[in-house]
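Note sheet for the following structure.
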There are 2 protein chains.
Amino acid sequence: MTAIRVLLADDEHLIRGAPAALLALEDDLVVVAEAATGPEALAMARAHRPDVAVLDLEMPGADGVSVATSLRAELPGCRTMIVTSHGRPGHLKRALTAGVRAFVPKTVSARQLAGIIRTVHAGNRYVDPELAADAISAGDSPLTAREAEVLELAADGAPVAEIAERASLSQGTVRNYLSAAASKLGAENRHAAVRLARERGWV
Amino acid sequence: MTAIRVLLADDEHLIRGAPAALLALEDDLVVVAEAATGPEALAMARAHRPDVAVLDLEMPGADGVSVATSLRAELPGCRTMIVTSHGRPGHLKRALTAGVRAFVPKTVSARQLAGIIRTVHAGNRYVDPELAADAISAGDSPLTAREAEVLELAADGAPVAEIAERASLSQGTVRNYLSAAASKLGAENRHAAVRLARERGWV
DNA sequence: CGCCCCGCATGACGTTTGTCATGGGCAGTG
DNA sequence: CACTGCCCATGACAAACGTCATGCGGGGCG
């Protein structure tokens, strides 16, 4: 049996260090490449053609999900999985629709991670039960496309006038969307709405 | 020479896994305890009396700095150091004034971490050069105590009325502080101010 | 001591925002 | 084709917000 070839992409070097521990215990895994940024991960994947790519969700350059989509197009044989510290429900959904095979919080142990890598390599999927429950209970985003767009422009606390200009909309319209979004999310005002949408991964 | 006794506290299991790799390479370090939350870290420290405590900044229960202050009071012989993914200048300052001996980003390798642990155990300090530069250029918080307090209450987008009640202040006063804070930070409104203050670690 | 500066606190005033009613255009569905 | 839901826009009114003038009290300085 030939070993599973793994690509590790994470800007936190300590996390990339974990597989060293992994290798000491598991002899059917081999780390063929490491990367600290999104673009670097892509380049490494092209060069080394891993069986499984383990991607951090938050990386400089490009986030894990977008790397996964690129990878899916370029290297269909390569399975991808995401690890993250912040398990937002929306991110999980985005990842799964991007064809990611596993979604794992960084709270797992190296041993568990090894198991999940094997699961993924065997063609199966894995999602952390906790995160899955959150995602299901949180449900889908109730926001329309425009509402989400406007809410995103409001994310850094910009005044309505600026948002209206950047979205090429009337101020009244912007206020309407913001109001609609806030009420759909059960928020008192748009800023609280932004916060909630962020928490659920809808922005 | 007897080995350095280390406590590891981090909710991300993968990070705690790194020292396993470390142990394979370094024979003068021994991990005597691990913890995933703030309170757990304290309990473990009391039970095992480590030489050096390596604490994550963001943990459930209590953050690394508050654990460090408690530790300093209870186990003066124990040196503390902080590791973190998000290197905010303000956090570094808070940590140092709390008597923490080292402040390190998670981008370091396990080998570097080992070196820093030795440095700390020898009685020296270490701060990541990058973070130090940021902290110096960012400077001190220009906010007065009340301004910071009110800004913090405004952090989740609450309306002024609620903030006023929670701070036992008049609404006008709250608006004043918020306005002052925003202008000091160069922000257009309080929400942008909150965002900026967060980035700099001043809240 | 008298002085001034700064932090703290408040109410008043004009502006921005949230909300609601209303209406037209446009796509998808039964 | 009628219907429904989304998008875009407008105007009006009340509530929330930002800014200013003002006043009080304590610490540093001449």
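Computation of the quantities below employed the complete heavy-atom set of this structure, encompassing side-chain atoms and omitting hydrogens, waters and symmetry-equivalent molecules. In this text, all values refer to a predicted model and were calculated from it rather than measured experimentally. The sequence lines fix the lettering, A, B, ..., with proteins before strands; numbering per chain opens at 1.
- Close to C:dA9, at under 4.0 Å from its OP1 or OP2, lies no side-chain N or O of B:Ser170.
- Taking only side-chain nitrogens and oxygens, B:Thr173 never comes nearer than 4.0 Å to OP1 or OP2 of C:dC8.
- Counting non-hydrogen atoms under 4.0 angstrom, A:Arg175 reaches a base of the nucleic acid.
- Protein atom CD of B:Glu165 is 13 Å distant from nucleotide atom P of D:dA16, rounded to whole Å.
- Not a single donor-acceptor contact under 3.5 angstrom links the side-chain atoms of A:Asn176 to the base of D:dC8.
- Between the side chains of B:Asp63 and B:Ser66, a donor-acceptor pair is found at a separation under 3.5 Å.
- Under 4.0 angstrom from either OP1 or OP2 of D:dG5 there lies no side-chain N or O belonging to A:Thr144.
- In this structure, B:Arg190 reaches the D:dC17 phosphate: one of its side-chain N or O atoms is under 4.0 Å from OP1 or OP2.
- A salt bridge links B:Asp56 with B:Lys106: the distance from a Lys NZ or Arg NE/NH1/NH2 to an Asp or Glu carboxylate oxygen falls below 4.0 Å.
- As judged by a 4.0 angstrom heavy-atom cut-off over every strand, B:Leu169 is placed among residues touching the sugar-phosphate backbone only.
- Atoms CD (A:Glu147) and P (D:dC6) sit 8 Å apart, rounded to a whole Å.
- At a threshold of 4.0 Å, the pair B:Asp51-B:Arg79 does not count as salt-bridged, since none of the basic side-chain nitrogens sits closer than that to a carboxylate oxygen.
- Interatomic distance, CD1 of B:Ile15 versus CG of B:Leu8, reported as 10.0 Å (0.5 Å rounding).
- As a whole-Å value, the separation of A:His191 NE2 from D:dC17 C1' is 10 Å.
- Nearest-nucleotide mapping onto DNA chain C: of A:Ala180 and B:Ser168, the residue sitting toward the 5' end is B:Ser168.
- Between A:Arg88 and A:Glu199 no salt bridge is recorded (no basic side-chain N to carboxylate O distance below 4.0 Å).
- Put simply, A:Arg146 has no side-chain N or O that comes within less than 4.0 Å of OP1 or OP2 on D:dC6.
- The phosphate of D:dC8 (OP1 or OP2) has a side-chain N or O of A:Tyr177 nearer than 4.0 angstrom.
- Rounded to an integer number of Å, the gap from CG of B:Leu151 to P of D:dG18 is 11 Å.
- Across all strands, A:Ala145 comes closer than 4.0 Å only to sugar-phosphate atoms, never to a base (heavy-atom distances).
- Going from atom CG of A:Leu185 over to atom P of C:dG18 covers 14 Å, rounded to whole Å.
- Looking at heavy-atom distances under 4.0 Å, B:Asn189 makes contact with sugar-phosphate atoms alone, never a base.
- Per the geometry, CD belonging to A:Gln171 stands 12 Å off P belonging to D:dA9, to the nearest Å.
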